[in-house]
Each structure stands twice: as C-alpha cells, then as structure tokens.
There are 2 protein chains.
Amino acid sequence: MGKDARTGGRSRRARVTLREVAQEAGTSPSTASRALAGHGYVAEGLKARIEAAAARLGYVPDVSARSLKGRSSGLVGLVVSDLRNQFYAALAAGVEQTLAAAGHQMVLVDDHGSDTQALDGARAFLAMRAAGVLLAPVGRTATELLVEHGTPVVEVDRRSGVRSCDAVTIDSERGAREAVSHLLELGHRRIAMVLDETVWGTGRDRLKGYRAAHRAAGVPLARRLVLDLGLRPADPQGDVAAFLDANPDVTAVFAANNLVAEAVWQELQRRGSAVPKDCSVVSFDDLTWMRIVEPGLTAVRQPVYEMGRTAAELLLERIAGERGRARTHTLEPEFVLRGSTSAPGTPAEQTP
Amino acid sequence: MGKDARTGGRSRRARVTLREVAQEAGTSPSTASRALAGHGYVAEGLKARIEAAAARLGYVPDVSARSLKGRSSGLVGLVVSDLRNQFYAALAAGVEQTLAAAGHQMVLVDDHGSDTQALDGARAFLAMRAAGVLLAPVGRTATELLVEHGTPVVEVDRRSGVRSCDAVTIDSERGAREAVSHLLELGHRRIAMVLDETVWGTGRDRLKGYRAAHRAAGVPLARRLVLDLGLRPADPQGDVAAFLDANPDVTAVFAANNLVAEAVWQELQRRGSAVPKDCSVVSFDDLTWMRIVEPGLTAVRQPVYEMGRTAAELLLERIAGERGRARTHTLEPEFVLRGSTSAPGTPAEQTP
DNA sequence: GGAGAATGTGGCATCGTTCCCACATGAGAA
DNA sequence: TTCTCATGTGGGAACGATGCCACATTCTCC
C-alpha cells in the first residue's frame with residue numbers, strides 16, 4: 001500500500017517520454033524517434049500523427065539520454081576571466097549569438113583569472129560531454145586537459161601555447177605600435193606604459209608594440225617608464241599615483257587595457273591634470289565610457305564581439321568534423337582618434 | 001577490413017568509464033560508484049584503491065548518464081535580455097559566482113528582449129533537465145512552461161506575473177521616487193522622464209515613482225514630459241533630441257535606465273547644454289562611466305551583482321528541496337549624489 | 001510470376017551511472 | 001549452536017533515446 005502510494009502516485013508532472021508519444025500515436029518508439037528526428041523512412045501520415053501526439057503531450061526530448069547514446073551533448077563551454085569586465089561580456093555575447101543560431105547552448109564559467117578555476121571548468125565540460133570549448137586561457141592546463149580528451153578547443157584573445165588548438169586573437173602588437181607611434185609623432189618622448197602583466201598574453205605583445213614604436217622612431221626606451229601593476233592589483237589607481245609622482249616628466253600614458261585606462265584616467269582627474277594638455281592618454285580597448293568622457297579617449301578599438309563570433313564559428317566547424325591543422329585568426333584593431341591626445345603641452349585641437 | 005578499421009580502431013582517446021575504474025581496482029562498478037559518490041558502505045582500503053584507480057585513469061564521471069538515471073543535471077539556466085549591457089553582465093556574474101561555489105554550471109541564454117527566444121531557451125533548459133532556471137522575464141510564456149514542468153524558477157529584476165515562482169527585484173518605485181524628489185526639492189518643476197517601456201516591468205514602476213514624487217510635492221504632472229522610446233529604439237539619441245526641441249522648458253531629466261541615460265547624456269553634450277546648469281540629469285542604474293564623466297552623474301545605484309547572488313541562493317534552496325510558498329525579495333536601491341544635479345540655472349555646488 | 005528493389009515498421013541492445021536488493025562474512029547475543 | 005545484526009560487496013534493472021537489423025509490405029522489371 002505504502003509502496004503503491006510512492007510508486008504509483010505520480011507526484012508532480014511526470015516527464016513525457018518518447019515511448020508515451022509513440023503509444024499515443026499508436027506506433028513504436030523507434031518509429032517515433034525517426035519521425036521526430038527526421039532520419040530514415042516514416043510514412044507521411046504517421047509522421048504527422050506522431051508530431052501531433054508529441055505536441056499534444058508537450059514532449060520535450062531528453063538531452064541526457066540523447067547525449068549518453070550519442071557522442072556528445074550540444075553544450076559548448078566558454079571560460080572568461082571576469083564577466084563584469086565589458087570586454088569579456090562583449091566576447092561572451094558574440095559567442096552566445098553565434099552558438100544560439102546554430103542550436104547550441106553556452107555554458108559560461110568565470111575563472112576570475114585563476115588557472116585552477118579554469119581547470120575546474122574544463123573538468124566540468126568534460127563531464128558534461130561538451131561538444132567544444134572556447135576559452136581565454138590563463139594557463140595551459142585547462143586547454144591541455146580538454147585537447148587530451150579530444151574536445152575541440154578554440155582559444156580567444158590570448159594563447160596558452162598549446163599548439164594543437166585553433167585560436168582567435170587581436171593583433172596586440174600592431175595596435176600598441178600604432179597607438180604609441182601616434183604619441184611619438186605628436187612629439188612625446190617620455191611615454192609611460194601601464195599594464196597588469198608583462199610576461200605573457202596580451203600584455204607581452206602590447207609591450208612589444210610599445211618598444212617597436214620607440215625603436216622605429218629612434219626614441220630610447222626607459223625601463224622606469226613601464227609600470228606593471230601585476231594581475232588583479234589591489235589599488236591600481238594608487239599605484240598609478242605613486243608612479244606619476246615618481247616620474248613627473250611623463251607627458252603621455254599608454255594604458256594596456258580598459259581596467260588600467262580607468263585607473264589612469266581617474267588618477268589624472270583626481271590630481272587635476274588637464275588631458276591632453278598636461279598628459280595625453282591612449283587606451284588599448286575602447287569601452288562605452290571612453291567616448292562619453294570629455295575629452296573622448298583616443299583608443300585602440302578591438303573587435304571583441306566579432307572575435308567571439310569568429311571563435312564560435314571556428315569551433316562550430318571543428319564540431320562539424322573539420323580535421324585540418326590548427327588555425328589562428330588574427331583580427332585587426334582600429335585606432336580611434338579622439339581628444340585625449342595632443343602634442344606635449346598643447347590643449348586638444350579638436351573637441352568632437 | 002574496412003569495417004574493422006572503423007569499429008575496432010579506437011580512434012582518439014576513448015572515454016574512461018566507471019566499469020574500467022572498477023576493473024583496474026579489482027572490484028565491481030556498483031562498489032566503485034559508492035566509493036566515488038561517498039554513499040553507502042565501502043571498506044576504507046578498497047575505497048582508497050578505487051580512488052587511486054580513478055585518478056590514474058583520469059576518470060571523469062559522465063553527467064549525461066548520471067542525470068539520465070537521476071532526476072536532473074546540475075545545470076542551471078539563466079536568461080538575460082542583453083549581455084552587452086553592463087547591467088545584465090553584472091547580474092550574470094553574480095549568479096555565476098554563487099552557482100559555481102555550489103558546484104553548478106550556468107547555461108547562459110541571451111533572449112535579446114524577445115519572448116520567443118526566451119521560450120526557446122526555456123525549452124532547451126527543459127530538454128537538458130536543468131536543475132533550475134533564473135530569468136529576467138520578457139513575457140510569461142517561458143516562466144509558465146518551466147513552472148508547469150516542475151522546474152524551479154526564480155525571476156530577477158522583473159516579474160512576469162506568474163505567481164508561483166520566487167523573485168528578486170529592486171524597488172524601482174522607491175528609487176525613482178527618491179531621484180525625482182531630489183530634483184523637485186532642488187526646485188525643478190518641469191522634469192522630463194525618459195524610458196523605453198511604460199507598460200510593465202521596471203519602466204512601469206519607475207514611472208509610478210516619478211508620479212508619486214510629483215504628487216507628494218504637489219507638483220502637477222504633464223504627460224508631454226514623459227518620453228517613451230519604446231523597446232530597442234533605433235535611434236534613442238535622435239528621439240531625445242527631438243523631444244528636447246519640442247520641450248525646451250525642461251530643466252531636468254530623469255533617465256529610467258542606463259541605455260536611456262547614455263542617450264540623454266550624449267545628446268546634452270552634443271547640443272552643448274551645460275550639466276547641471278542648463279539641465280540636471282539623474283540616472284536609474286549606476287554604471288562605471290557615470291562616475292567617470294565630469295560632472296559625475298547623480299544616479300540610483302542598483303545592487304545588481306547582489307541581486308544575482310540572492311536570486312541564485314533562492315534557487316539553490318529550491319533545488320535543495322525547499323517547498324514553501326513563493327517568496328519575493330526586494331532589494332533597496334541607493335541614491336548616489338554627484339555633480340549632475342543642481343537647482344535650475346545653477347552650476348554644480350561641488351565638483352567631487 | 002518471381003526476383004529484387006524500394007519503402008515502412010518494430011525489436012532490442014546500447015550508452016554509463018545509480019541504487020535496490022540479494023547475498024556474504026564475522027561478531028556478539030541467546 | 002543458531003540467531004540476529006552490522007558491515008561489505010556484486011548483480012542487474014532501470015533511466016530515455018537511438019539506430020542497427022530483421023521483418024513486412026508493395027511495386028517494378030525482366
């Protein structure tokens with residue numbers, strides 16, 4: 001009796017299975033499966049009956065069962081470093097858009113810049129038989145684990161160094177070179193560069209570009225002009241303040257990303273420095289606020305959304321079976337001239 | 001031969017199953033399952049052997065199989081309207097943070113403000129046996145479908161009107177009332193309100209607050225002062241321009257969200273209106289750029305990240321089996337005074 | 001008129017895990 | 001000694017969808 005109550009009493013709404021749909025339509029699960037999936041022979045009339053039954057019962061196929069039987073779930077993983085940063089949000093939006101159009105869902109993991117958390121995410125993706133994974137790497141371990149298990153991986157924005165996976169990046173060196181060349185052409189000779197990592201990833205390449213621009217212009221480099229805040233700095237604005245105090249001869253600042261640019265901008269405002277008269281500023285990465293502030297920030301715009309889309313497309317091809325060698329797409333940044341740069345000691349020529 | 005090549009040739013790395021782990025440890029799958037899951041009796045020594053075997057083989061449990069057998073996958077769905085909007089990005093970040101800490105993955109769907117796409121997302125969540133779903137509703141259908149199938153749902157930011165689900169919102173009416181009262185106290189009498197929907201959701205409540213503030217101050221309302229841009233306006237700044245041309249007597253603008261605030265701000269800058277001397281501005285929602293621009297925007301700060309966290313926590317309780325009646329959490333917004341508001345015709349008193 | 005396509009349909013094993021249950025074993029109680 | 005009971009262990013049936021294969025039909029062509 002008690003047993004009956006627990007077993008027979010279908011508490012809540014039980015899940016509608018394919019078997020029930022088949023029963024309702026007076027046929028077998030096999031046929032129903034074929035009808036609904038659209039593979040193999042099914043008579044037109046029967047197919048319609050099955051579809052009607054499915055609709056009537058509110059049938060929703062079970063992806064767990066499907067992906068257990070088949071090779072993989074339709075899930076695609078994405079690992080980013082900080083979702084609250086507009087950069088990664090835009091990236092995720094581009095990825096989601098492309099995946100959704102192809103009928104895939106996106107599982108989003110925020111690793112907060114930690115390799116360990118990225119690895120946890122990768123393990124979770126493996127466990128859910130993700131069809132593929134996109135990631136902005138913070139180390140090699142996550143990529144390695146996934147590639148080892150045969151999951152297609154596309155790296156975005158940065159490269160972990162694992163050769164066997166596709167990647168989509170933005171030409172950081174070129175963007176930085178253009179930005180710094182612009183400052184040099186304006187006559188700046190003591191250009192500070194502020195970044196949050198110099199060893200690998202985009203920071204390294206942007207630093208390269210900074211140096212290349214100097215070399216090309218025949219302007220000597222001074223190590224003291226490069227400020228490395230370190231990853232996830234506790235008080236970036238304070239560090240910038242100390243740096244500017246120690247290097248009062250700086251006439252222009254090149255900020256390597258939007259976080260750094262914000263710290264620089266706020267600090268210049270705090271100390272009442274006139275931009276660009278007292279100090280020119282260029283940012284790598286162009287966010288909403290940079291075109292809203294007065295003067296607008298001269299910036300290197302990155303096609304972030306497009307990067308997400310491109311990476312997702314590459315991944316979809318791999319998922320579809322593309323087997324060729326690893327490909328790397330490099331997207332071109334765009335230099336956007338606004339009011340925050342001028343010749344040293346000169347107010348902005350234009351107020352757009 | 002050809003057949004053998006396809007069947008027998010275990011191309012790539014085959015998935016390690018529990019059976020193989022058990023074999024390696026010299027025991028049965030049942031026992032291995034118990035050892036790894038931590039339920040039921042397993043001798044200490046054997047348990048250690050099984051764990052070692054699992055580690056050695058790089059065993060990753062298959063969630064498809066697990067969730068097929070059990071009730072649900074550990075996946076939690078989140079539906080937002082526009083991931084590129086910092087508001088939703090912060091919301092998603094809060095949700096992700098809480099879910100990840102509890103060992104759940106987040107599947108993110110961007111419905112672009114379309115009910116149909118939200119519904120597609122809901123169906124996908126159902127198909128993947130999502131443990132629960134968080135959504136910023138754009139209609140009732142998605143919530144209804146999920147609730148009907150017994151999936152726990154928590155609505156965020158807005159309410160669809162479906163009574164039987166939890167919700168976490170921000171007190172829009174109160175926030176708007178405070179913002180508009182502030183303007184009224186400063187002496188403004190022709191305060192425009194700009195929003196992108198007035199019929200339901202947050203827009204309706206913010207409009208209520210706008211009206212309530214006027215009533216409380218005994219200031220008559222003028223319908224012409226409310227500008228409804230409509231959802232996803234093609235050229236919001238242009239609409240604001242036309243509106244300001246048609247209503248030149250406006251001395252202050254209350255922008256109902258960050259998108260609208262941006263359009264208003266840009267338009268005021270374009271036409272060279274001095275803020276706050278010519279026109280005061282208050283924004284509902286406080287983004288990064290609002291504290292960076294000069295003067296800073298007076299704004300109603302919403303605890304967005306916290307909203308995401310709270311909603312996720314509520315959902316986790318439901319997933320854990322909480323059965324009580326639907327609960328609604330209302331978070332309090334915070335009025336942040338900056339330089340963009342002053343008495344009509346007066347420059348800002350403070351430049352922070 | 002019969003071989004053999006072409007067109008439909010259903011049976012059944014399978015995917016990897018869980019978990020109920022049956023079965024061992026040894027200790028302590030009667 | 002026989003019985004319970006606690007502690008372990010393994011067998012095997014699900015979970016729901018799929019897709020191979022066998023089996024029915026009907027049709028076509030020599």
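Worth knowing before you read on, the calculation uses all heavy atoms, side chains too, and leaves out hydrogens, waters and symmetry mates. Residue numbering restarts at 1 for every chain, and letters A, B, ... go by the order of the sequence lines.
- For B:Leu18 and D:dG12, the CG to C1' distance is 15 Å, given to the nearest whole Å.
- Taking the charged nitrogens against the carboxylate oxygens, B:Glu24 and B:Arg19 have no contact shorter than 4.0 Å, which rules out a salt bridge.
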All N/O contacts under 3.5 Å from nucleotides 6-12 of chain C to the protein, with atom names and distances to one decimal?
residue, atom, partner, partner atom, Å
C:dT9, OP2, A:Ala43, N, 2.8
C:dG10, OP2, A:Thr27, OG1, 2.3
C:dG10, OP2, A:Ser28, N, 3.2
C:dG10, OP2, A:Ser28, OG, 3.3
C:dG10, OP2, A:Thr31, OG1, 2.9
C:dG10, N7, A:Arg34, NH2, 2.9
C:dG11, N7, A:Ser30, OG, 3.1
C:dG11, O6, A:Ser30, OG, 3.0
C:dC12, N4, A:Ser30, OG, 3.4

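- Look at CZ on A:Arg15: it is 8 Å from P on D:dG16, rounded to the nearest Å.
- For the atom pair B:Thr143 OG1 and B:Arg163 CZ, the distance stands at 13.5 Å (nearest 0.5 Å).
- Judged by a 6.0 Å distance limit and a 45° cone about the ring axis, B:Arg34 is not positioned over the six-membered ring of B:Tyr41.
- Side-chain contact check for B:Ser30 and B:Ser33: no donor-acceptor pair (N or O, by modelled atom type) lies under 3.5 Å.
- Within a 6.0 Å radius of CZ in A:Arg140, more than 12 heavy atoms belonging to other residues, nucleotides or ligands are found.
- One interatomic measurement links the two molecules: CD1 of B:Ile50 to P of D:dG8, which rounds to 13 Å at whole-angstrom precision.
- Relative to the side chain of B:His39, the nucleotides C:dG16, C:dC19, C:dT18 differ in distance, and C:dC19 lies closest.
- Taking atom CZ of B:Arg66 as the reference point, atom P of C:dC15 lies 19 Å away to the nearest angstrom.
- Here the P atom of nucleotide C:dC15 and the CE atom of A:Met128 are 23 Å apart, to the nearest Å.
- For the pair B:Arg129 and D:dG16, the criterion of a side-chain N or O lying under 4.0 Å from OP1 or OP2 is met.
- Here C:dG16 presents its P atom at 12 Å from CG of B:Leu68, a figure rounded to the nearest Å.
- Spacing between atom CZ of B:Arg49 and atom P of D:dG8 amounts to 14 Å, rounded to whole angstrom units.
- The distance from atom CG of A:Leu126 to atom P of C:dG16 is 14 Å, rounded to the nearest whole Å.
- Not a single side chain to side chain donor-acceptor pair (under 3.5 Å) links B:Gln117 to another residue, sequence neighbours left out.
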